[in-house]
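These figures come from a predicted structure and were not determined experimentally. Because only heavy atoms are used, hydrogens play no part in the values below, and waters and symmetry mates are left out as well, while side chains stay in.
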Amino acid sequence: SYSDIQSVQRTDDQILSSYPNPCTMTLNVNLPQNDLLSTVSVYSMEGRLVLTEQTDTDHLKLDVNALTKGTYFLRVVNAEKQLTTKFVKQ
């Protein structure tokens, strides 16, 4: 059996995962478990901010349907941590 999770970053027991990767319409983001407000941002490879959302949950569904095909950086920032990973939009 295979998992849909394609990208995981581990930093001091904090895990950021996103799936499916590559994605087409929705990117599921599993955030480090905490009660802090987190800002989830998507940047193009050129460093341009293309999407941002705030959440205080440990799971978020990002609508990436409007993004053009390509590779993007996913960044999660809260008062304690900053985590970054990449995903591909098809």
Query - Non-neighbouring partners of Q54 that pass side-chain hydrogen bond (donor to acceptor under 3.5 Å, both in side chains), sequence neighbours left out - result: T39
Report task. Give a yes or no on whether the backbone of T71 and the side-chain of K89 come within a donor-acceptor separation of less than 3.5 Å. Result -> no
Query raised in the report: What residues join L49 in its hydrophobic cluster, counting side-chain heavy atom gaps under 4.5 Å, either direct or through other members?
Result: Y43, M45, F73
**Report entry** K69 to Q90 - nearest heavy-atom pair and separation
**Finding:** CG-C, 3.5 Å
**Report entry** Result of checking L67, V88, L51, V64 against Y72 for side chain to side chain contact (heavy atoms under 4.5 Å, CB included)
**Finding:** L67
Requested in this report: Answer yes or no: is there a side-chain heavy-atom contact under 4.5 Å between H59 and N28?
Outcome: yes
Report summary line: The side-chain hydrogen bond (donor to acceptor under 3.5 Å, both in side chains) partners of S44 (sequence neighbours excluded) come to E46
Query raised in the report: So among V77, T52, L74, which one has a side chain to side chain contact (heavy atoms under 4.5 Å, CB included) with S41?
Result: T52
Query - N78 and L37, any side-chain heavy atoms less than 4.5 Å apart - result: no
Requested in this report: Please name all residues satisfying side-chain hydrogen bond (donor to acceptor under 3.5 Å, both in side chains) with T26, sequence neighbours left out, ordered by chain then number.
Outcome: none
Query raised in the report: With N65, which residues qualify under side chain to side chain contact (heavy atoms under 4.5 Å, CB included), at least two apart?
Result: M25, D63
Report task. State, yes or no, whether a side-chain contact exists between F87 and L62 at a heavy-atom distance under 4.5 Å. Result -> no
Requested in this report: Go through the steps to decide whether T85 and N21 satisfy the test side-chain contact (heavy atoms from CB on, under 4.5 Å), and finish with yes or no.
Outcome: CA-CA 11 Å; T85 191; N21 193 3; over 6 Å; no
**Report entry** Inter-residue atom distance S18.OG - L60.CG, 0.5 Å rounding
**Finding:** 11.5 Å
